[in-house]
Amino acid sequence: TRYLPDRRDLNRHFPGSRKGSIASRIAHAYFQDIVSHCDMLVDFHTGSFDRSNLPQVRADLTNPEVLEFTRGFGATVMGRNMFGPIRGAWPDDTWTGWWGDEPPYHCDVFVLTHHPRASFSMQGGTTFHFVTDGLDTALARAREAAGGKDIRINNGVSTIRQALQA
């Protein structure tokens with residue numbers, strides 16, 4: 001857990017201080033002894049007391065080295081809610097995601113949905129494909145598209161649970 005015995009949230013104390021609270025000192029030690037020696041770090045965020053968040057990875061995509069790291073993924077699989085807020089049948093093709101004209105994926109993205117929609121491409125090399133026949137099909141298509149690179153499984157909780165059970 002990220003919570004300490006005094007119920008302080010360690011995540012809220014980075015980069016910390018040598019002379020601060022216990023949480024601040026632990027954050028400082030972690031930052032100095034581990035993080036400062038890394039060229040790159042994948043930082044997974046999760047929920048907290050009385051709340052749950054979807055796991056997410058944050059990245060500074062303006063940093064060329066971080067952007068190159070993200071390009072190590074050959075394909076992405078995500079749940080429909082990660083793609084957008086629309087429920088039910090797609091009313092039209094105007095919604096293209098939360099991220100503007102250039103999504104952060106730079107690869108083929110397979111969106112799990114119960115409602116068909118035509119694939120489309122965006123700036124930066126991202127193409128969205130909509131898969132209506134389940135995770136196994138999405139993973140098979142992602143493996144083919146990835147060309148030997150890793151496959152990123154994005155949010156939704158249901159998508160991640162299915163992938164862990166696959």
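A donor-acceptor pair is defined here as one N or O able to donate and one able to accept, closer than 3.5 Å; such a pair exists between the side chain of H106 and the backbone of G124. Proximity of a side-chain donor or acceptor of R87 to a complementary backbone N or O of P85 within less than 3.5 Å is detected. Looking at T127, its side chain never comes within 3.5 Å of a backbone N or O of D108 through a donor-acceptor pair. Side-chain atoms of R80 come within 3.5 Å of backbone atoms of I86 as a donor-acceptor pair (strictly under, hydrogens ignored).
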From CA spacing to verdict: side-chain contact (heavy atoms from CB on, under 4.5 Å), Y105, M122: CA-CA 10 Å; Y105 304 104; M122 296 185 73; over 6 Å; no

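With a 4.5 Å cut-off on side-chain heavy atoms, T94 and T96 do not count as touching. The shortest side-chain heavy-atom distance between H13 and S21 falls under the 4.5 Å cut-off. The side-chain heavy atoms of F73 and K149, taken from C-beta on, include no pair separated by under 4.5 Å. Here the side chains of R25 and S17 are not in contact, with every heavy-atom distance at 4.5 Å or above. N154 has its side chain out of reach of V77: every pair of non-hydrogen atoms, C-beta onward, lies at least 4.5 Å apart. For the pair P103 and F128, the minimum side-chain heavy-atom distance is below 4.5 Å.
E102 approaches Q123 most closely through the heavy-atom pair CG-O, 3.4 Å. Heavy atoms only, all atoms of each residue included: A138 and L112 are closest at CB-CD2, 3.6 Å. Closest non-hydrogen pair, F130 versus T113, comes out as CB-CG2, 3.9 Å. Summarising the geometry of F83 relative to V111, their closest heavy-atom pair is CB-CG1, 4.0 Å, with the distance given to 0.1 Å. The minimum heavy-atom distance linking A142 with A75 is given by the pair O-CB, 3.5 Å. Between T76 and C107, the shortest heavy-atom distance links the atoms OG1-SG, 3.6 Å.
Between R8 atom CZ and S24 atom OG the span is 9.0 Å, to the nearest 0.5 Å. To the nearest 0.5 angstrom, L139 atom CG is 9.0 Å from T137 atom OG1. From D133, atom CG reaches atom NE2 of H114 across 11.5 Å, with rounding to the nearest 0.5 Å.
Applying the ring pair (Phe, Tyr, Trp, His ring centres under 6.0 Å) criterion to H129, with sequence neighbours excluded, gives F110. For D101, there are no salt bridge (charged side-chain N to carboxylate O under 4.0 Å, His left out) partners two or more places apart in sequence or in a different chain.
Cluster annotation: M82 and W90 are assigned to the same hydrophobic cluster (Ile/Leu/Val/Met/Phe/Trp/Tyr, side-chain heavy-atom contacts under 4.5 Å, transitive).
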